[in-house]
Amino acid sequence: MADSGDLDGLHSCSVGGAERLDAEGEIAVARLAMDGGDLAHAATHVGNAIASAPQLPEAHEVLGELAARAGGAEAALALFPMDRPYIGAVAARANLLASCGQWNQAVRLLAEVVATEPGRPWSEVAWLSRRDLPDLVNPEVVAQSIGRIVGSGLPDPFPEVLRTSLRPFYDTVRAVTAACPQHAMLLSLASGLARRYGDHDESIAWARAAVAAEPTHISAVMLGYALRAAGRPDEAIAVWTDELARDPSDLSLHVDVAELYAATGRPALGLPWAEKAVAANAEDPLVVPALHGIRFAVDQDPVHLVALVDHLREHPDHDYAATVLAQHSRGRPWLAGVSPAREATANVLRQFLRSPDIRAHHRLSVAGSAVEAPSSVLTLLQCYPGAELEFRSVPEPDPRHPLRPVGTQVWNYLGTAAEPAVPAPPAEASEAVRTVAEHAWPSLPAAYDRAVRLAAVPITQLLGVLVHPPLPRNDERGQALAANAPDLWVRAVQAFACLGIAHHGTDTPWPESERRRVLSDLLVGPEDWVTEAAALALLAVAWSEPATREDIGRLLTARLTLAMEAFRTRPVEVLPTLCALVLACPWLDERDREPARLAAEAVRRSDETPASTDAEQRGRELVAAGKERAREKERSGEEAEPRRRGLFRRRRR
């Protein structure tokens with residue numbers, strides 16, 4: 001850009017596609033308005049053009065034309081008033097200010113635009129890269145602008161889209177910092193920006209220079225952040241604890257120290273720091289959630305997770321409680337998502353999906369020694385409709401029948417073949433669950449809250465979804481699940497259908513509610529993935545509604561006891577889930593939870609014993625048995641690849 005204030009050359013980047021088309025349309029209308037003498041109307045469309053394509057040269061050329069017709073850039077500022085600003089007009093005003101030589105105002109206003117929509121290329125402006133800009137702008141303004149941008153909730157580190165869109169601004173910060181090596185605030189905030197770019201050496205160097213120039217609280221905090229991000233936690237802790245000895249008033253820094261100890265495998269060392277913060281001010285939105293999280297890291301007792309849930313319910317504005325809960329739920333079975341199916345038929349399905357020689361239309365013959373979960377067979381048949389499965393026996397105790405008389409049942413058996421006991425739901429009900437279902441979630445309360453959207457779907461239709469699950473969504477994640485782990489998708493659908501049931505009739509007292517009756521019936525129905533989904537929904541209710549906890553704890557422990565008894569004589573693939581969910585009921589007496597620990601350990605040993613028949617081995621046996629069955633039919637003259645016999649026969653109407 002010329003020193004004369006001409007707006008030519010503000011942008012040098014090209015843009016294409018829909019953004020260009022939208023911007024070009026706005027430019028055309030702006031020029032028509034200018035030709036008609038309506039500069040205010042033209043300014044609106046110029047702002048729209050810049051908003052559509054911030055880096056389009058033509059958008060900035062028309063801004064120059066508008067300034068010329070208005071009598072210069074300074075006069076054109078009146079066309080972009082700040083009383084009712086929109087983002088394109090603010091960006092245009094920032095560029096006009098730069099053209100007027102009002103550099104501080106231009107940088108400050110550009111930072112506001114960038115902070116509002118940081119993923120767009122607002123800083124792709126030529127004036128920002130002027131070599132003499134460091135001499136023209138106040139470093140205090142640059143520091144404030146960095147703070148405005150990185151303080152708007154941007155992730156650390158930056159994803160690639162932000163690394164690209166903010167690069168011109170970052171380059172300017174580097175130039176201004178080089179010109180002002182003693183400005184402590186600028187150096188501290190520049191350190192935070194460099195950290196987000198992964199430039200750790202520069203981030204640490206700037207932070208150390210800030211401390212040397214002016215040893216303030218903020219400079220010490222930023223140095224600790226730089227060291228932590230660079231993988232030097234002990235140095236970060238040393239800096240922070242020294243600062244807290246000097247000024248103990250920063251409760252969030254207490255939390256940072258406590259959580260850094262925990263993140264490096266030393267939560268017990270962090271516990272006193274979290275306790276100090278709570279003692280200082282228990283109303284601070286960070287400190288109580290942090291203390292519960294640190295305590296969980298110390299002893300792994302889910303009582304602290306439930307305490308986080310209770311805290312969040314009592315303080316819904318304390319978002320950090322949800323963050324800590326998600327952090328400690330991550331990777332834990334059913335607390336952060338469904339677990340993979342364990343049945344041999346599910347392992348057969350995974351083998352088929354990995355085989356380049358097997359296609360969805362192939363007729364496959366699979367035989368197993370004993371009945372397995374109907375949902376596992378259903379999932380295989382969804383992927384391979386031509387498959388024929390045969391189970392040759394029924395183990396004891398019989399998994400096909402409810403464990404007590406029930407009023408709600410979604411599976412019936414004809415011999416060893418299961419069929420849905422409820423009709424398929426309407427398309428809109430299936431689509432509602434399909435839209436909401438996820439195989440992973442931040443925390444159990446988050447999944448429960450997400451499922452509230454299914455409260456309007458009748459329970460009878462949600463029951464239909466359990467045994468007539470929709471196919472995965474046609475997006476990237478859905479396609480990945482369909483290709484690699486369809487069991488996770490079906491289990492996710494069933495989990496959210498049951499969570500939807502859990503939201504029905506919440507105004508009815510829990511003991512008399514339909515949601516309790518239906519979920520407890522599903523819990524003791526024919527052994528299936530539905531059993532696990534119902535158990536999960538019951539736990540979600542218990543976590544969210546303290547008054548239900550004792551009753552739900554009894555329901556889950558009673559079901560676990562029956563599963564443990566069955567495990568003495570046969571595989572019980574729902575057992576690990578029941579163990580995990582009972583262990584997530586910390587309000588239960590230790591005597592009630594100890595059997596779950598013992599059973600989980602027994603399952604683990606069974607899975608790890610080479611001599612045991614684990615699910616993968618049983619899957620291989622199923623395939624082998626199917627091949628042998630096909631060979632027998634060939635020898636007897638029967639059709640080698642029979643048509644599907646309808647393991648999931650629909651009821652005749």
Side-chain angles (χ1 to χ4, degrees), residues 1 3 5 7 9-11 43 46-47 50-51 54-55 59-60 63-64 66-67 72-154 158 162 165-180 182-194 196-197 206 210 218 222:
M1 185 179 68
D3 289 341
L7 289 173
L10 272 174
H11 278 245
V46 170
I50 293 174
Q55 74 277 47
H60 294 271
L63 178 61
L66 178 66
E74 192 164 351
L77 289 170
L79 299 173
F80 298 96
M82 293 294 288
D83 52 346
R84 296 181 63 186
Y86 61 98
I87 197 163
V90 177
R93 185 176 180 87
N95 289 307
L96 288 169
L97 287 167
S99 182
C100 296
Q102 299 182 42
W103 305 108
N104 291 326
Q105 296 91 323
V107 170
R108 186 179 286 114
L109 207 55
L110 182 64
E112 288 293 329
V113 175
V114 171
T116 302
E117 292 187 0
R120 305 193 66 209
W122 304 107
S123 61
E124 290 280 354
V125 285
W127 63 264
L128 200 60
S129 61
R130 287 178 60 125
R131 291 185 178 180
D132 59 348
L133 187 63
D135 299 324
L136 301 173
V137 68
N138 187 327
E140 189 74 23
V141 170
V142 177
Q144 293 168 359
S145 298
I146 300 170
R148 177 67 183 93
I149 291 172
V150 300
S152 62
L154 298 187
F158 281 157
L162 293 182
S165 65
L166 294 175
R167 175 62 66 176
F169 181 80
Y170 181 37
D171 290 341
T172 298
V173 168
R174 294 168 72 107
V176 175
T177 302
C180 305
Q182 299 298 314
H183 195 287
M185 182 59 72
L186 174 63
L187 291 164
S188 293
L189 293 172
S191 172
L193 188 57
R196 287 170 169 81
Y197 268 93
W206 282 342
I218 185 62
M222 297 302 284

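All of these numbers come straight from a predicted model, not from anything done at the bench. Atoms considered below: every heavy atom in the structure, side chains included; atoms not considered: hydrogens, waters and symmetry mates.
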Problem set entry | Value rounded to 0.5 Å, distance of CD1 in Ile149 from CG in Leu154 | 8.0 Å
Problem set entry | Check against side chain to side chain contact (heavy atoms under 4.5 Å, CB included), Leu136 and Trp127 | CA-CA 11 Å; Leu136 301 173; Trp127 63 264; over 6 Å; no
For this session: Please report the shortest heavy-atom distance between Leu110 and Leu128, naming the atom on each side.
Result: CD2-CD2, 4.0 Å
Exercise. Partners of Tyr197 by ring pair (Phe, Tyr, Trp, His ring centres under 6.0 Å), sequence neighbours excluded?
Worked result: Phe158, Tyr170
Problem set entry | Under 3.5 Å donor-acceptor, Arg93 side chain and Leu77 backbone | yes
Exercise. Does Glu74 CD have over 12 foreign heavy atoms under 6.0 Å away?
Worked result: no
Exercise. Is the side chain of Thr172 donor-acceptor paired with the backbone N or O of Pro168 at a distance under 3.5 Å, no angle test?
Worked result: yes
Exercise. Looking at CZ of Arg148 and CZ of Arg108, how far apart are the two atoms once the value is rounded to the nearest 0.5 Å?
Worked result: 12.5 Å
Problem set entry | Closest contact, heavy atoms only, Ser188 versus Met222 | O-CE, 3.3 Å
Problem set entry | Closest non-hydrogen atom pair, Ala67 against Ala76 | CA-CB, 3.8 Å
For this session: Enter the distance from Leu133:CG to Asp171:CG here, rounded to the nearest 0.5 Å.
Result: 12.0 Å
Seminar exercise, completed: Those residues at least two apart in sequence (or on a different chain) that pass salt bridge (Lys or Arg N to Asp or Glu O under 4.0 Å) with Glu140 are none
Exercise. Between Trp103 and Asp135, is any pair of side-chain heavy atoms under 4.5 Å apart?
Worked result: no
For this session: Taking all non-hydrogen atoms of both residues into account, name the closest pair between Leu189 and Ala143 and its distance.
Result: CD1-O, 3.0 Å
Exercise. What are the two closest heavy atoms between Ala210 and Ala184, and how far apart are they?
Worked result: CB-O, 3.5 Å
Seminar exercise, completed: CD1 of Ile218 to OG of Ser191, rounded to nearest 0.5 Å, is 10.0 Å
Exercise. Hey, are the side chains of Thr177 and Leu186 touching, using non-hydrogen atoms and a 4.5 Å cut-off?
Worked result: yes
Seminar exercise, completed: So CD1 of Ile87 and OG1 of Thr116: to nearest 0.5 Å the spacing works out to 5.0 Å
Problem set entry | From Leu109 atom CG to Trp122 atom CH2, the distance as rounded to the nearest 0.5 Å | 11.5 Å
Exercise. Can any side-chain N or O of Ser123 pair as donor or acceptor with the backbone N or O of Leu166 at less than 3.5 Å?
Worked result: no
Exercise. Where is the tightest heavy-atom contact between Pro121 and Pro54, given as atom of each residue plus distance?
Worked result: O-CB, 3.9 Å
